[in-house]
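What follows is one structure encoded as structure tokens, with my remarks underneath.
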Amino acid sequence: MKAKKVTALLMAAIMTLSLAACGNSSKTASEPVADSTVQANAETDGETAGGNTQAGEEGDSYDELLEEIIPEETVTLDVFDQLANYSGEQIGWFGQVMLEKFNVKLNIIPDPDGVYETRMESGNLGDIVIWGNDSDEYQQAVQKGMLFDWNEDDILTDYGPYIKEHMPYALEKNANLSGGTTYGYGFDVAVDPSARGDIMYTWDVRWDLYKELGYPEIKNLDDMVEVLAQMKEICPKDDNGKTTYGVSLFNDWDGDMVMFVKSTATAYYGYDEFGFGLYDSEEQKYYPCLEKDGPYLTCLKFYNDLYQRGLLDPDSQTQKYDGMVEDYQNGTAFLNVFNFLGAAMYNSDSHAAEGKAMYPCPPEEATPIAYGLNVYGGNRIWSIGAKTEYPELCMAILNWLSTPEGRMTSEYGPKDVCWYYDENGKTCFTDLGRAAKLDMKTEMTDGYSGTFEDGDFKMNNETWALDTLNLDSNGDTYNYKKWDSFISEPNSEIEADWREYTKARTPDEYMGQRPYKLAPGTTYSAGTKSDELLVLWNQVADCIKTNSWKAIYATSDEEFDKIVDEMIAKANEYGYDKCIEFQENEVKLKAAAEDAVK
């Protein structure tokens with residue numbers, strides 16, 4: 001490894017921390033800085049690593065350092081990614097960007113059952129390693145020396161200067177989590193700890209059909225079932241003539257529980273997933289998932305009711321993520337609780353021209369969760385494998401992804417091809433960028449091949465939070481839905497109708513006007529389970545997921561109740577009570593972390 005020092009970069013990082021400590025005498029160096037301090041630092045960023053012009057000890061600019069590590073012949077880097085919905089080489093426009101900038105190809109390796117264990121046994125997780133959470137498997141990798149120390153040979157200082165300067169609290173959190181050594185940082189880092197993120201549980205429905213029905217009242221989950229049934233009556237076929245349904249699901253993202261069931265509980269009650277159950281941050285109360293009449297089983301029955309009424313796509317358990325995406329793109333399903341799986345898939349210019357769109361229409365009783373932005377980052381960790389032959393190159397790639405240009409590119413496509421900053425520093429789409437964001441099947445131009453969807457960022461993780469300040473812009477976040485250039489006027493008659501009905505300009509503005517529950521960003525990370533508990537935990541998780549899907553497909557209420565009773569009995573035999581006992585202690589730790597930031 002190269003041992004060159006980039007003294008100016010190191011001094012900039014030290015100055016950032018010094019300003020944080022001096023800017024407010026009541027704060028320690030480990031406490032989050034105010035937005036104004038970060039903004040003040042950002043105003044000089046044209047000469048930092050993000051601008052690639054800062055000189056090092058020997059006169060090397062960051063670009064010159066990169067030239068020394070970028071391979072002459074194309075290198076393939078393995079990306080072991082627990083969040084990936086894709087397997088194989090990153091293709092399309094983002095693959096071309098990686099070739100142009102770093103002369104690398106990315107081989108995405110997802111994590112279906114058994115892959116993690118196999119790679120651990122081989123002693124090589126990969127070059128870049130992306131974790132679904134920061135608990136058991138990540139901790140095992142740390143303990144067994146499977147991850148690269150970011151301070152070894154000053155790799156973070158030399159090749160990750162933007163991360164070091166702008167994400168000090170996320171790096172600090174990781175070091176504290178990992179026994180004092182920095183192996184990475186968590187996703188969705190924020191600039192301002194007082195802000196909240198976009199409310200993503202928006203209950204998007206086919207607004208054109210809702211309007212045609214006369215805007216019927218949707219007070220609760222039962223009412224939602226009835227309205228979806230009425231929608232199917234007036235729209236029995238999708239764009240391609242296939243049968244329509246109320247919802248379309250997939251099982252790729254199931255964890256301790258069925259993802260859509262627990263997420264619907266989060267969208268309805270405002271309780272967040274927490275082990276085998278859900279947690280209410282406002283009341284600091286825990287609801288185990290097998291609690292009779294609790295939030296999980298209530299939402300499980302919601303999906304069973306949809307199935308019994310012919311409103312759940314029968315392929316939901318067996319189709320994968322791509323199958324669900326296709327359904328929402330084609331109008332096969334009418335409701336999705338997530339804004340990035342409903343409206344984001346359906347609301348193309350072509351549908352808008354036909355007077356069709358999905359917009360938020362939550363039940364009146366719903367109080368969805370809203371997540372506070374977190375300067376410490378979340379629990380999905382970016383890291384580098386200990387056995388990589390290219391640690392500097394991996395760090396440089398992660399550093400670029402953590403710059404505003406990298407974050408914007410991974411979200412919206414190549415700069416100046418899909419987006420740009422205007423003369424006032426405000427963020428704008430090009431015609432291509434706007435079309436691609438609204439319809440991922442848009443063909444790319446300017447030398448980039450395939451559709452936007454073909455080249456979509458396959459790592460499926462974020463560096464900066466979507467709703468945090470973009471330090472290269474003039475006050476914009478990374479969230480296009482909040483750019484002045486995007487939301488000035490309704491883009492269609494159906495959007496104008498939704499705006500008139502809700503008295504809001506954007507979905508997040510509307511959701512923010514309604515009741516919601518705020519989960520603050522904290523330093524909490526899940527505790528490590530013993531090997532014995534992990535065995536029990538995995539058995540219980542398999543039991544809950546398998547039987548939850550069986551319950552969703554129950555043909556009667558009696559069959560549903562029988563399956564749920566059997567699930568509870570089997571889970572108890574596997575050791576469900578011991579899992580809940582562990583999680584109850586985690587509740588105390590999480591509550592304490594929340595109290596510390598209030």
Side-chain angles (χ1 to χ4, degrees), residues 82 110-118 132-133 135-137 140 247 249-266 268-269 271-279 286-308 312 314-321 526-587:
Q82 293 190 325
D111 187 27
D113 290 344
V115 171
Y116 167 78
E117 290 79 7
T118 299
N133 61 65
S135 57
D136 301 299
E137 292 181 347
Q140 287 177 356
V247 298
L249 314 180
F250 63 98
N251 67 3
D252 299 32
W253 295 353
D254 290 354
D256 291 334
M257 301 169 281
V258 170
M259 186 277 290
F260 269 101
V261 178
K262 64 91 179 172
S263 295
T264 301
T266 300
Y268 192 75
Y269 297 98
Y271 307 156
D272 203 11
E273 176 184 13
F274 202 57
F276 290 119
L278 296 119
Y279 173 78
Y286 183 56
Y287 296 86
C289 65
L290 299 185
E291 179 180 86
K292 281 296 185 72
D293 300 319
Y296 183 81
L297 292 184
T298 297
C299 292
L300 185 66
K301 188 66 179 76
F302 169 69
Y303 284 106
N304 174 244
D305 288 343
L306 290 172
Y307 176 74
Q308 289 192 45
L312 183 139
D315 295 332
S316 290
Q317 185 179 9
T318 54
Q319 72 179 353
K320 297 303 180 183
Y321 172 83
T528 303
K529 306 174 187 70
S530 67
D531 291 343
E532 179 184 1
L533 181 59
L534 270 176
V535 172
L536 301 180
W537 197 281
N538 291 333
Q539 290 175 331
V540 172
D542 288 342
C543 173
I544 290 172
K545 288 181 287 188
T546 299
N547 287 283
S548 289
W549 278 107
K550 287 181 179 179
I552 288 173
Y553 284 91
T555 57
S556 67
D557 291 350
E558 293 75 18
E559 183 183 0
F560 176 88
D561 291 339
K562 181 180 179 182
I563 293 171
V564 168
D565 288 342
E566 291 175 351
M567 173 170 60
I568 294 172
K570 290 179 181 178
N572 284 328
E573 290 176 7
Y574 288 132
Y576 173 73
D577 58 333
K578 292 183 175 63
C579 298
I580 297 302
E581 181 181 350
F582 173 87
Q583 205 61 32
E584 292 283 6
N585 185 64
E586 293 293 294
V587 169

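These values consider heavy atoms only, across backbone and side chains, with no hydrogens, waters or symmetry-generated copies.
- Checked by atom type and distance alone, the side chain of Ser316 never pairs as donor or acceptor with a backbone atom of Leu312 at under 3.5 Å.
- The line from CG of Leu278 to CD of Glu273 is 7.5 Å long, rounded to the nearest 0.5 Å.
- Residues Tyr279 and Tyr287 keep their aromatic ring centres 6.0 Å or farther apart.
- Between atom CD of residue Glu291 and atom CD1 of residue Ile580 there is a gap of 9.5 Å, rounded to the nearest 0.5 Å.
- Counting only heavy atoms from C-beta outward, the side chains of Val564 and Ile568 approach each other to under 4.5 Å.
- Residues Gln82 and Glu137 are in side-chain contact: their nearest non-hydrogen atoms beyond the backbone lie under 4.5 Å apart.
- The CG atom of Leu249 lies 10.0 Å from the CD atom of Gln317; values are rounded to the nearest 0.5 Å.
- In this structure, Glu586 contributes its side chain and Gly527 its backbone to a donor-acceptor pair below 3.5 Å.
- Side-chain atoms of Tyr576 come within 3.5 Å of backbone N or O of Leu290 as a donor-acceptor pair.
- Residue Ile552 holds its CD1 atom at 8.0 Å from OH of Tyr303, rounded to the nearest 0.5 Å.
- Here Trp537 and Phe276 bring their ring centres to under 6.0 angstrom of each other.
- Each side-chain hydrogen bond (donor to acceptor under 3.5 Å, both in side chains) pair with one or both residues in residues 538-555, not counting sequence neighbours, appears once here: Asp254-Trp549, Tyr296-Ser548, Thr555-Glu559.
- Counting only N and O atoms by type, the side chains of Thr298 and Tyr268 include no donor and acceptor under 3.5 Å apart.
- Judged by distance alone, the side chain of Asn304 and the main-chain N or O of Ala554 form a donor-acceptor pair under 3.5 Å.
- Residue pairs meeting the salt bridge (charged side-chain N to carboxylate O under 4.0 Å, His left out) criterion with at least one partner in residues 560-574, sequence neighbours excluded, are Lys292-Asp565.
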Quick one: do Lys301 and Asp557 satisfy salt bridge (Lys or Arg N to Asp or Glu O under 4.0 Å)? Show the steps, please. CA-CA 9 Å; Lys301 188 66 179 76; Asp557 291 350; 2.9 Å; yes
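- Residues Tyr574 and Val540 come closest through the heavy atom pair CB-CG2, 3.8 Å.
- Remark: aromatic rings of Tyr321 and Phe250 are close, center separation under 6.0 Å.
- Side chain of Tyr271 to main chain of Pro295: no donor-acceptor pair is present (N/O by atom type, distance under 3.5 Å, no hydrogens or angles).
- Put simply, the side chain of Asn251 does not reach to within 4.5 Å of the side chain of Val258, judged on heavy atoms.
- Considering every non-hydrogen atom in both Ala541 and Gly255, the closest pair reads CB-O, 4.3 Å.
- For the residue pair Leu534 and Gln140, the shortest heavy atom distance occurs at CD1-NE2, 3.8 Å.
- Atoms OG1 and OH, on Thr264 and Tyr269 in that order, are 10.5 Å from each other to the nearest 0.5 Å.
- For Glu117, the CD atom sits in a packed shell: over 12 heavy atoms of surrounding residues, nucleotides or ligands are nearer than 6.0 Å.
- Counting only heavy atoms from C-beta outward, the side chains of Cys289 and Ile544 approach each other to under 4.5 Å.
- The neighbour count for Asn585 CG, taken as heavy atoms of other residues, nucleotides or ligands under 6.0 Å away, is above 12.
- In plain terms, the two heavy atoms of Phe560 and Ala551 that are nearest each other are CD1-O, 3.3 Å.
- Residues Leu533 and Cys579 meet the side-chain proximity criterion, which asks for heavy atoms closer than 4.5 Å.
- Taking a 6.0 Å sphere around NZ of Lys320, one finds it holds more than 12 heavy atoms contributed by other residues, nucleotides or ligands.
- When the shell of 6.0 Å around CZ of Phe302 is examined, it contains more than 12 heavy atoms from other residues, nucleotides or ligands.
- With rounding to the nearest 0.5 Å, the separation of CG in Asp305 from CD in Gln308 is 6.0 Å.
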